[in-house]
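What follows is a short report on a single structure.
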Amino acid sequence: QVQVVESGGGLVQSGGSLRLSCAASVSLDGYDIGWFRQAPGKEREGVAMMRRGDPATHSADFVKGRFTISVSNDKKTAYLQMNNLKPEDTAVYYCNVEGFYNGTYYSTDALWGQGTQVTVSS
């Protein structure tokens with residue numbers, strides 16, 4: 001499997017911004033990329049996605065206009081720029097690059113990493 005390491009989380013006040021990074025062991029050019037999050041007591045949910053070979057970005061309704069997924073120039077790092085953060089965004093955020101995104105759902109059998117904690121205070 002492709003090794004990824006999430007970083008960039010932290011504590012931020014409501015309305016603030018964070019940029020999460022997903023550093024991969026290989027170029028992500030040939031991989032579907034998905035950012036996910038899981039809050040305590042809740043199921044993991046998709047946040048933002050990119051399809052391999054497609055520059056279009058996709059995001060969940062609850063982050064549209066606030067979060068943006070992108071890839072570095074060397075294609076070895078995926079980013080999640082998070083603006084106007086809200087307390088309900090508090091969660092552990094995960095990056096997954098081993099699955100398949102069909103434009104609606106991201107399916108993966110890959111193991112999940114440790115993620116990075118994002119905490120937004122009110």
Side-chain angles (χ1 to χ4, degrees):
Q1 292 183 296
V2 178
Q3 179 182 337
V4 296
V5 179
E6 300 98 335
S7 63
L11 175 63
V12 63
Q13 292 187 342
S14 180
S17 299
L18 287 172
R19 188 181 73 165
L20 306 184
S21 296
C22 175
S25 57
V26 298
S27 171
L28 296 172
D29 194 39
Y31 296 86
D32 294 358
I33 305 167
W35 280 100
F36 302 79
R37 71 185 187 186
Q38 185 169 22
K42 298 182 179 179
E43 296 183 352
R44 181 180 289 110
E45 59 185 356
V47 175
M49 313 289 167
M50 291 187 70
R51 171 66 180 169
R52 66 194 75 187
D54 188 352
T57 61
H58 309 268
S59 59
D61 288 343
F62 53 83
V63 300
K64 283 187 182 299
R66 300 190 299 120
F67 292 10
T68 303
I69 185 173
S70 63
V71 182
S72 64
N73 288 335
D74 67 5
K75 302 179 182 178
K76 293 185 69 176
T77 304
Y79 300 107
L80 183 67
Q81 178 66 46
M82 306 186 296
N83 298 324
N84 192 24
L85 284 160
K86 304 176 181 180
E88 52 263 43
D89 295 321
T90 295
V92 177
Y93 284 73
Y94 302 89
C95 174
N96 194 295
V97 302
E98 298 262 53
F100 298 92
Y101 180 60
N102 66 4
T104 303
Y105 300 102
Y106 187 97
S107 301
T108 182
D109 294 324
L111 297 177
W112 297 91
Q114 297 185 52
T116 184
Q117 176 71 51
V118 172
T119 303
V120 184
S121 62
S122 56

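Values in this document were obtained by computation on a predicted structure and should not be read as measured data.
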Residue pair Cys95 / Val4: nearest heavy atoms and the distance that separates them: O-CG2, 3.8 Å

Least distance between heavy atoms, Val92 atom then Gly115 atom: CG1-CA, 3.9 Å

Test log, rule side-chain contact (heavy atoms from CB on, under 4.5 Å), inputs Met50 and Asp32: CA-CA 6 Å; Met50 291 187 70; Asp32 294 358; over 6 Å; no

Beyond-backbone contact of Glu6 with Tyr93, side-chain heavy atoms, under 4.5 angstrom: no

Thr90 and Gln117: CA distance, side-chain angles, deciding distance, side-chain contact (heavy atoms from CB on, under 4.5 Å) verdict: CA-CA 8 Å; Thr90 295; Gln117 176 71 51; 4.0 Å; yes

Within the 6.0 Å centroid threshold, strictly below: Phe36 and Trp112: yes

Ser27 side chain to Asp29 backbone, donor-acceptor under 3.5 Å: yes

Trp35 reachable from Val118 in the ILVMFWY side-chain graph, under 4.5 Å edges: yes

Ser25 (side chain) donor-acceptor with Gln3 (main chain) under 3.5 angstrom: yes

Shortest non-hydrogen separation from Ser17 to Asn84 and the atoms involved: OG-N, 4.2 Å

Sub-4.5 Å side-chain heavy-atom contact between Arg52 and Tyr101: no

Side-chain heavy-atom pair Leu28, Ile33 within 4.5 angstrom cut-off: yes

Student check: side-chain heavy atoms of Tyr31 and Val2 closer than 4.5 Å: yes

Main-chain N/O of Ser59 paired with Lys64 side-chain donor or acceptor, under 3.5 Å: yes

Side chain proximity check, Phe67 to Asp89, heavy atoms < 4.5 angstrom: yes

Main-chain N/O of Gly99 paired to Tyr106 side chain as donor or acceptor, under 3.5 Å: yes

Transitive ILVMFWY side-chain link Val71 to Val63, under 4.5 Å: yes

Spacing of Arg51 atom CZ and His58 atom NE2 [to the nearest 0.5 Å]: 10.0 Å

Gap separating the CD atom of Gln114 from the OG atom of Ser7, nearest 0.5 angstrom: 12.0 Å

Any side-chain donor near an acceptor of the partner, Gln81 and Asn83, under 3.5 Å: yes

Heavy-atom closest pair, residues Glu88 and Arg37: O-NH2, 3.9 Å

Shortest non-hydrogen contact between Ala39 and Ala91, atoms and distance: N-CB, 3.8 Å

Heavy atoms of other groups near Phe62 CZ, more than 12 under 6.0 Å: yes

Student check: side-chain heavy atoms of Thr119 and Val12 closer than 4.5 Å: no

Side chain to side chain, Tyr79 and Cys22, heavy atoms closer than 4.5 Å: no

Distance in Å, Met82 CE paired with Arg66 CZ, rounded so as to fall on 0.5 Å steps: 9.5 Å

Student check: side-chain heavy atoms of Thr57 and Met49 closer than 4.5 Å: no

Spatial distance of atom CD (Gln13) from atom OG (Ser122) [nearest 0.5 Å]: 9.0 Å

Greater than 12 external heavy atoms within 6.0 Å of Asp109's CG: no

Reference residue Leu80; test side-chain contact (heavy atoms from CB on, under 4.5 Å); the match among Leu18, Thr68, Leu20: Leu20

